[in-house]
Amino acid sequence: MSQPGFFEQVYAVVRRIPKGKVTSYGRIAHMLGHPRAARAVGYALNALKDRENDPAYHHIPWHRVINSQGRISIVNREHTALEQAELLRAEGIAVSEDLQIDLNQYLWEGLHWAEIDNILNGRFS
DNA sequence: ACAGTGACAACAT
DNA sequence: TATGTTGCCACTG
């Protein structure tokens, strides 16, 4: 368990993305009050692979986070990107061959202010 | 303390 | 539309 910080807030948001919906790195950053911290959000999800042995970080639906263009980010992680596509398809999301997703159909509306407030104040699971 | 790193995003060609 | 460039920022050794 690490100290509460931005990463933990990111995980708290990602846990609440409903099955069958997606959002972007940038939108998560906006929700947390750091509108330009999109890269840090990606960095937080990347860090999950180093925490595989910690049950607290299991079941975080990281695959429901894609880029602002509605596409799975594949830079330097082609294999993982394909895995992400399969996970999304498994929950009913249409992913094209070039890893594109229709945001008009699958974009998550996001959290309400009260839920954001809870997360920002450390009141999250 | 500080420079390097990325699963981004906005802009400029 | 498709690349290339630049700004960003939390975290790390």
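Worth knowing before you read on, the calculation uses all heavy atoms, side chains too, and leaves out hydrogens, waters and symmetry mates. Just so we're on the same page: letters track the sequence lines, and every chain starts at 1.
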Can you see if the side chain of S68(A) gets near the phosphate of dC8(B) - specifically, an N or O under 4.0 Å from OP1 or OP2? no
Between dA10(C) atom C1' and E8(A) atom CD, what is the distance in whole Å? 13 Å
F7(A) has an atom CZ; how far is it from atom P of dA10(C), in whole Å? 10 Å
For atom CZ of R51(A) and atom P of dA7(B), their distance in whole Å: 15 Å
Under the side-chain hydrogen bond (donor to acceptor under 3.5 Å, both in side chains) definition, can you give me all pairs with a residue in residues 30-47 of chain A, not counting sequence neighbours? N46(A)-K49(A)
note: F6(A), atom CZ; dT12(C), atom C1'; distance rounded to Å ~ 16 Å
Set of salt bridge (Lys or Arg N to Asp or Glu O under 4.0 Å) partners for D117(A), sequence neighbours left out: R123(A)
For atom NE2 of H58(A), is the number of surrounding heavy atoms from other residues, nucleotides or ligands below 6.0 Å larger than 12? yes
Return each pair, listed once, that meets salt bridge (Lys or Arg N to Asp or Glu O under 4.0 Å) where at least one residue sits in residues 62-80 of chain A; pairs must be two or more places apart or across chains. R64(A)-E91(A)
Between the side chain of N118(A) and the main-chain N/O of N121(A), is any donor-acceptor distance below 3.5 Å? no
Establish whether the base of dC9(C) is bridged to the side chain of R39(A) by a donor-acceptor pair shorter than 3.5 Å. no
Spacing of D50(A) atom CG relative to dG6(B) atom P, expressed in whole Å: 12 Å
Quick one: side chains of residues 12-23 of chain A, donor-acceptor pairs under 3.5 Å with protein atoms, not counting sequence neighbours, listed by atom name and distance.
{"from": "R15(A)", "atom 1": "NH1", "to": "A56(A)", "atom 2": "O", "distance (Å)": "3.3"}
{"from": "R16(A)", "atom 1": "NH2", "to": "E115(A)", "atom 2": "OE2", "distance (Å)": "3.0"}
{"from": "K21(A)", "atom 1": "NZ", "to": "Q105(A)", "atom 2": "O", "distance (Å)": "3.4"}

Strand-adjacent residues in residues 19-38 of chain A, judged by heavy atoms under 4.0 Å from DNA chain B: S24(A), Y25(A), G26(A), A38(A)
Report yes if a side-chain nitrogen or oxygen of S73(A) is closer than 4.0 Å to either non-bridging phosphate oxygen (OP1 or OP2) of dC8(B); otherwise report no. yes
Scan for salt bridge (Lys or Arg N to Asp or Glu O under 4.0 Å) pairs involving residues 93-113 of chain A, sequence neighbours excluded, and state none if there are none. none
Protein-nucleotide distance (R71(A), atom CZ; dA2(C), atom P), rounded to Å: 9 Å
Could you tell me how far apart K49(A) (NZ) and dT5(B) (P) are, to the nearest whole angstrom? 14 Å
Which part of the nucleic acid does N67(A) contact within heavy-atom distance under 4.0 Å: base, sugar-phosphate only, or nothing? sugar-phosphate
Rounded interatomic separation in angstrom, taking CD1 from I72(A) and P from dC8(B): 12 Å
